[in-house]
Number of protein chains: 2
Amino acid sequence: MARGSTRPTSRDVAQAAGVSQAAVSLVLGDKWRGRVSETTAERVREAARTLGYRPNLAARNLRLGRTRTVLLVVPALTTEFFAGVYTGATRVAAEHGFGVVLYPSPEGIGPARNPFASAQAALDGVIASSMAADALTAIRGDQLPLVMLDSDPEGSLGAATVNLDIADGIRQVAEHLLSLGHRRFLHLAADVASWTFEVRARELAARLGTVPGTTLRTAHSPISIEGAVTAAEAALAGPGPRPTAVVCDDDQLAAGVYKAARRAGLRVPDDLSVTGLDDLALATAIDPELTTVRLDAERFGERGMRALLAVLEGRAPESGDIPVSLVVRGSTAPPR
Amino acid sequence: MARGSTRPTSRDVAQAAGVSQAAVSLVLGDKWRGRVSETTAERVREAARTLGYRPNLAARNLRLGRTRTVLLVVPALTTEFFAGVYTGATRVAAEHGFGVVLYPSPEGIGPARNPFASAQAALDGVIASSMAADALTAIRGDQLPLVMLDSDPEGSLGAATVNLDIADGIRQVAEHLLSLGHRRFLHLAADVASWTFEVRARELAARLGTVPGTTLRTAHSPISIEGAVTAAEAALAGPGPRPTAVVCDDDQLAAGVYKAARRAGLRVPDDLSVTGLDDLALATAIDPELTTVRLDAERFGERGMRALLAVLEGRAPESGDIPVSLVVRGSTAPPR
DNA sequence: CCGAACAGGTTTTACGTATAACTTCTCCTG
DNA sequence: CAGGAGAAGTTATACGTAAAACCTGTTCGG
């Protein structure tokens, strides 16, 4: 530790161990088999330990030209869903010596700004969830390897995509409600221009369109419980016969519908069946417990990270959507 | 762009603009007043723009010896509370040209491992929430400037601390319930050895201890809705007279109590008053809406970041706890 | 009208690391 | 016993940036 307060460098370790800086790098980088003797190696490790040496990552990154760090762009951290995605991505990343930096897009799930200004980590790649096209173009312009989560495979400018099979989830919801006898539907949709929500609308309309005598109205809401209350209250008070089932784009919206229904004097599920999508902890905290579509967030994150690793290594990413499953609970019943 | 596919460097920009690399650095670093002519500066900026130049952060960090990046260690991202902390910290950071990297401690709110292994960003400082002593010691050993959130001011090894006035929140809860006439209390406590939870227990016991004829039982639960259901069911089925009010360490636990109460055939608030702490969106999604203590997460994050900036600049951080406020809703009523 | 001040740059260097290329010595094999 | 093959290192270099130190020509005050 030559000079007072600065952190020790590999050169300080070398001096303490009586070897060259190169030897330190070899030993600590585990590339010393047949290049340095076991006794010398141990001496180096000992010196590093007593000095409390930790390599300067900026220098290492500069030298290697890569950082083993990837950015995970998520719309929000207000539910545990993206926490799960992060957890899954991190697990796979750690197995390959990578780190994951989170960038919650400040504008929520909508148009994300270019995240690099604020995430000043040097990056090897990006996993992005539900990004707006302009931000996507910005990232692509950076030539960074990119994996898109839940995005239009056709419109992703050649980036790899990893998707949940949301379409199948919505089909299962529709099937379930139809088989209970429902015919008048309200779709409470997220007020966001994002492919994953377009899929919900499209698939629901498609499935219900095959059944004669079915009606489908749509209302839009910001993705929050409070926002959904307002939107659902307005929609339920609308003209014409009241819907008997509300299909929500996510669980938070469904929780809002519960509240709107209570205020309107309606009982779930007797007067109104409600379904969600996500299967958050919230879904079983509300009464009655919510019929919803379970998404495997961690698996989603794992697949996303594996896809990015594949891209980084020039391999083709695994294909195929991630299956989802309907969880039937107490919020759906036959209409009266 | 001399060689094929690599990203352009400042040297490439210099060549394109017909100046030296130093000039590029001066212009783009905004240090060119009186050193480079306006026309040359514009030429450099133009070249940088057309080449799509973005500085290599690893090189910059190495050169400057700092990264303008700080690590925010949080126990979990499963609720919006720490998302708010992050948002607040990021806002202040951005005003000072800093970035914030999130590190959700994998073990939850308990003993955090040393976060540097996985967060491979080079860091200028750390803001850590509810860390275990060993991880704290590890970070201190790294000589990194450190700010602790909601931690024992005495036991933080000299690190600056920023705290919410949880003690006052608990006092307000106790006051509220006492004034409603409650005398038999259950404290549903988080199953975690962390200062912020010790404060809750201590303060509640202290306040109730001043009122004769009051009983206080304590049950412990992991911090999750499901965990709380089990813990609360057991506690409510326990021997002796049933408590009339349950004080929970956070809103998630309160949601679990609702569920346990339903299963036991008890009505909130008629048979059982319940209070939470956090004021999550969840608090108004459940029925009846939860009486709880509102914490200003964003302000918490802002204060944390400001404190770290102060430490980095050698100034003394702002002192004083952040006020909290009781929000009375429908989950508390006089006992029958 | 001389030198100082200044504008407008350029040359050079250092940051700490990883590794390619080189050196030296010893041992073994044909 | 020549010489090739390891073992056990060392020396030198490059990564891209920021900035200190240096250079050259012009202007202007005294």
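Protein chains get the first letters and strands the later ones, always in sequence-line order, with residue 1 at the start of each.
- Among the heavy atoms of the strands lying under 4.0 Å from L64(B) are primed sugar atoms or P, OP1, OP2 only; no base atom is included.
- Residue V100(B) forms a side chain to side chain contact (heavy atoms under 4.5 Å, CB included) with just one option from T87(B), T90(B), L308(B), and that option is T90(B).
- Scored by the side chain to side chain contact (heavy atoms under 4.5 Å, CB included) test, R306(A) finds V92(A), E302(A), R303(A), E318(A) as partners (sequence neighbours excluded).
- When rounded to the nearest whole Å, the span between CG of L62(B) and C1' of dC15(C) equals 4 Å.
- Protein atom CG of L57(A) is 16 Å distant from nucleotide atom C1' of dC15(D), rounded to whole Å.
- Contact of the I127(B) side chain with the M305(B) side chain is registered, since non-hydrogen atoms from C-beta on lie closer than 4.5 Å.
- Rounded to whole Å, the distance from CG on D12(A) to P on dC15(C) is 11 Å.
- Scanning for side chain to side chain contact (heavy atoms under 4.5 Å, CB included) contacts around A41(A) gives V27(A), W32(A), V36(A), R45(A), with sequence neighbours left out.
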Query - Letter per nucleotide, 5' to 3', of nucleotides 5-13 of chain D [B base touched, S only sugar-phosphate touched, - untouched; heavy atoms, 4.0 Å] - result: ---BBBB--
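- For the pair N56(B) CG and dA18(D) C1', the interatomic distance rounds to 13 Å; values are reported in whole Å.
- For K31(A), a side-chain nitrogen or oxygen approaches OP1 or OP2 of dT19(C) to under 4.0 Å.
- Residues satisfying the side-chain hydrogen bond (donor to acceptor under 3.5 Å, both in side chains) test with D124(A), not counting sequence neighbours, are T67(A).
- Among residues two or more places apart in sequence or in another chain, the side chain to side chain contact (heavy atoms under 4.5 Å, CB included) test is passed with A83(A) by L77(B).
- Scanning for side chain to side chain contact (heavy atoms under 4.5 Å, CB included) contacts around E198(B) gives W195(B), R202(B), with sequence neighbours left out.
- For R54(B) and dT17(D), the CZ to P distance is 11 Å, given to the nearest whole Å.
- Applying the salt bridge (Lys or Arg N to Asp or Glu O under 4.0 Å) criterion to R49(A), with sequence neighbours excluded, gives E42(A), E46(A).
- In this structure, CZ of R68(B) is placed 14 Å from C1' of dA18(D), rounded to the nearest angstrom.
- Atom pair Y53(A):OH and dG16(C):P shows a separation of 10 Å (rounding to whole Å applied).
- Not a single side-chain hydrogen bond (donor to acceptor under 3.5 Å, both in side chains) links S319(A) to another residue, sequence neighbours left out.
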Polar pairs (N or O, both sides) under 3.5 Å between protein and nucleotides 26-29 of chain C?
none

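- Here the P atom of nucleotide dG16(D) and the CD atom of Q15(B) are 14 Å apart, to the nearest Å.
- Neither OP1 nor OP2 of dT17(D) sits under 4.0 Å from any side-chain N or O of S25(B).
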